[in-house]
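So the structure is just underneath, and the comments pick up after that.
Letters go in sequence order (proteins before strands), and every chain restarts at 1.
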Amino acid sequence: MTDDDGAAVIDKDGMDALVAVLAARGRTVIGPTVRDGAIVLAEISGGAELPYGWGVELEAGTYRLAAREDGAAFAHSAGPQSWKTFLHPPRAREWSADRTADGGLVTTPDATPPPSYAFLGVRPCDLRAIAVQDRVLTGGRHADRGYRGRRAGAFLVAVECTEPGATCFCVSMGTGPAVGPGYDLALTEVLDADGHRFLVRAGSEEGEAVLAELPSRAADTATRTAARDRVAAAADRMGRSMPPVDLQGLMRETLNAERWDDVTARCLTCGNCTMVCPTCFCTTAEDITDLTGDHAERWRRWESCFDRDFTHLPGGPVRDSPRSRYRQWATHKLGTWYDQFGSSGCVGCGRCIVWCPVGIDITEEAHALNRERASGAGEGAG
Amino acid sequence: MTVVRHGFLGALTPAHRDRLLALAHDVSFPGGTRIFEEGGEADRFWIVGSGLVALDVHVPGRPEPVVETLGEGELVGWSWLFEPYRWHLGARTRTAVLAREFDARQVRGACEEDPAFGLAVTHCVAQVIARRLQATRTRLLDLYGPPPGHGGGT
Amino acid sequence: MTGAFAETAAAPPLPYRVAQRRTDTPDTATIVLEPVGTALPPFTPGQFAMVYAFGVGDIPLSVSGIDGRRLTHTVRAVGAISGALHGVRPGQTVGVRGPFGTGWELSEEAGRDLLVVAGGIGLAPLRPLVRAALAELGRYGRLSVLIGARSPHELLYSDETAHWQAGARVLTTVDHPAPDWMGDVGVVTTLLDRAVFDPSTATAFVCGPEPMIRATADELVHRGVAPDRIRVSLERTMHCGTGHCGHCQLGPLLLCRDGPVVTWTRARPLLLIREL
């Protein structure tokens, strides 16, 4: 990193200014904040609402807020929500249809103007998750208009990860803890004898313009070094890891593994993992009519591949057994996502592990499948 | 008459095929001819050259329900290979049929005389029976019928 | 990944008026739709549309006929939406989105024998393929059409398929014959002996219930047809048609995008895994 890269340093006042500048640009600022015993993503009106002094203790099936003495704002890892809540909302109206007097039909695309968001505190894993959803929802032959509108209007302030949780495994998925491309601004939080501050880099023209409006100073070597060291140290403190093998191949070759029976004995098929996953994108179509019967609307809402009706055909569901539904989720996430969208569907954020009511751990399952494959069992699935 | 590649004869080696065909003679049936009756003595069998043969069952009070039809290249009759050599079903031509007819006693004799030939012929007949069993099972599924009653189709 | 792609996902359906409706069988009808205003981009045989019944919802329906701006669909009443579409009357309006999915890609098959094998309502997506082949008979080798149905009165398009005889070898078989049925009785694979095709170069197009597809394709491979030259049309749940709702996954495939027509090479290993 050279000194003329435009990097700057801001302090807590600068963070307050960042929220104010983004709001002044007409953006709804969404950031992490403490609410109901968790660090959630919600609209914030000032830097003071950031979770200064709060961290989280994570384990499989466990999430707990923990006070921190250092006063850090971003010393927490993934919470129950991800940015897909805003970019790919749980319910969205796609279009409406009206019956005309002569029995005809008029259809109208949803005209709700896309919101203009600023996301403050996008973790590198979640930045990758946004890129993954971009590819799914706008990267193919058919692009999702609503998603594109929300996405195009979103300003992304990434924050590098310096405090990974016990369920994090972004290093083995290649998504963190250092920030990848796609941000407008990237921050690294530094707390040491020189004070509480943030190293800031711009990744877009708008990012540069916003940075120029903040009270800041040029980045000094000590801050740069401290930031780099903290991120490097985070990489060494990952709580989990995936087996170091080609996961796409592992999933393809273990479709008949006995391990699926083992995990299904624990899985409740509740679908929590799909709700908290930042890349899970599946939806269902809902058609509603008003009382007159002349106005109908098409809504889309999140759906989970764990729902039995997800694969409904006239004769019944294709994936009837819980085993087939967990297998679908895991093999899609880690394997067939590559076939469909050219990348992994997993970014290593660990949410599915934390929010599983019975603590199923996708990394543990992958290791078990890898061991079973190595032992020669579970073959013949290809 | 052309030698059919995939029908009954398809699985025989050329030598065995020639040997079997040497025992055959050509016959023709007008459409609507009953070739054999259910329960009758299975003393012959045929390989269809052209036309269509229907296998039927005798049900009192109903016109003979057809359970299957056999066309070009297919074997008509396998009951001749197993005791008590009685037809399980009836057979009637639907159209004019040209066929090769075999005398069952002669073929059984040849099979006993040359066990390798006998095994090959038995194997061929078994393949035909297996394919028809498979086809019957598929039809039992009633695949084209309405979906089973979940009542939640779209 | 920006403006080059149409924003066709989540877009509303276009109004199409029901121009004709014909009852095919007790639970199946064929409807001809014409655009009220703007027409959708052209469909190719094998592709499907999402057809919307007002306020009830939409379902994927293959095109069973393509005639200029007009689209023909054959719909079997098995649920609320298909029941509503089955019951439409001429003059009523439905919504249509599309075209979606892969087609049969007949144009690549010049000079080859064509073998079409249909089971039940599986004849619907194959019908425009047969029509296209008949319209350009000289372009292809010999054309065989094998049709299986439950019973004689459940045979689709029987007036039309009789006319296909002029340019193709058309063979029809039923599971349950009526007393006056003089045709074949048995599964559709038993007709293969009488189809006219050179297995080493022919291309096969197969659609019907999945066990029928498996039995047919395996038999064709047994007879020497290359798995890459066998195209099958598969069915899974579909909501969006644009690859975004996730329902139609079959392992690595999103069938609304990578299908419904796929080669047997791709389909076979996937269909062998239970509940994939």
Worksheet item: Do side-chain atoms of Arg139(B) reach the backbone of Val187(C) as a donor and acceptor pair under 3.5 angstrom?
Response: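 Not at all, since once roles are kept as given, no pair shorter than 3.5 Å links the two residues.
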
Discussion item. For Arg105(B), is the CZ atom crowded, meaning more than 12 foreign heavy atoms sit under 6.0 Å from it?
Written reply: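 Not more than 12 within 6.0 Å, no.
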
Worksheet item: For atom CZ of Arg34(B), is the number of surrounding heavy atoms from other residues, nucleotides or ligands below 6.0 Å larger than 12?
Response: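 Enclosed.
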
Discussion item. Could you report the tightest heavy-atom contact between Asp193(C) and Glu72(B), atom names first, then the distance?
Written reply: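 Here Asp193(C) and Glu72(B) meet closest at CB-O, 3.6 Å.
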
Worksheet item: Arg150(C) and Tyr144(B): which non-hydrogen atoms are nearest, and at how many Å?
Response: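 Of all heavy-atom pairs spanning Arg150(C) and Tyr144(B), the closest is N-CD1, 3.4 Å.
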
Practice prompt. Heavy atoms only, distances under 4.5 angstrom: which of Ser151(C), Gly122(C), Gly148(C), Ala77(C) has the most pairs with chain B? Name it, please.
Written response: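 When all of Ser151(C), Gly122(C), Gly148(C), Ala77(C) are compared, Gly148(C) has the most.
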
Discussion item. Quick check on the interface: out of Gly119(C), Ala178(C), Pro179(C), who has the most heavy-atom pairs with chain B under 4.5 Å?
Written reply: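 Top option by heavy-atom pairs under 4.5 Å: Gly119(C).
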
Worksheet item: What residue among Thr69(B), Asp56(B), Leu70(B) forms side-chain contact (heavy atoms from CB on, under 4.5 Å) with Val185(C)?
Response: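 Among the candidates, only Thr69(B) passes.
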
Practice prompt. Kindly compute the distance separating CE (Met182(C)) from CZ (Arg94(B)), expressed to the nearest 0.5 Å.
Written response: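 Answer rounded to 0.5 Å: 4.5 Å.
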
Worksheet item: Out of curiosity, Glu74(B) CD to Thr190(C) OG1, how far, rounded to the nearest 0.5 Å?
Response: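 Atom-to-atom, Glu74(B):CD and Thr190(C):OG1 are 6.0 Å apart.
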
Worksheet entry | Residue part contacting chain C, namely of Leu143(B), when any heavy atom lies under 4.5 Å |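 Interface part for Leu143(B): both.
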
Item to complete: Indicate yes or no: at least one non-hydrogen side-chain atom of Val66(B) is less than 4.5 angstrom from one of Trp181(C).
Response: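 Heavy-atom side-chain distance check fails, nothing below 4.5 Å.
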
Worksheet entry | Step-by-step side-chain contact (heavy atoms from CB on, under 4.5 Å) determination, His176(C) to Asp142(B) | CA-CA 9 Å; His176(C) 304 289; Asp142(B) 196 19; 4.0 Å; yes

Worksheet item: Top residue by heavy-atom pair count (under 4.5 Å) with chain C, among Leu55(B), Thr138(B), Leu52(B)?
Response: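 When all of Leu55(B), Thr138(B), Leu52(B) are compared, Leu52(B) has the most.
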
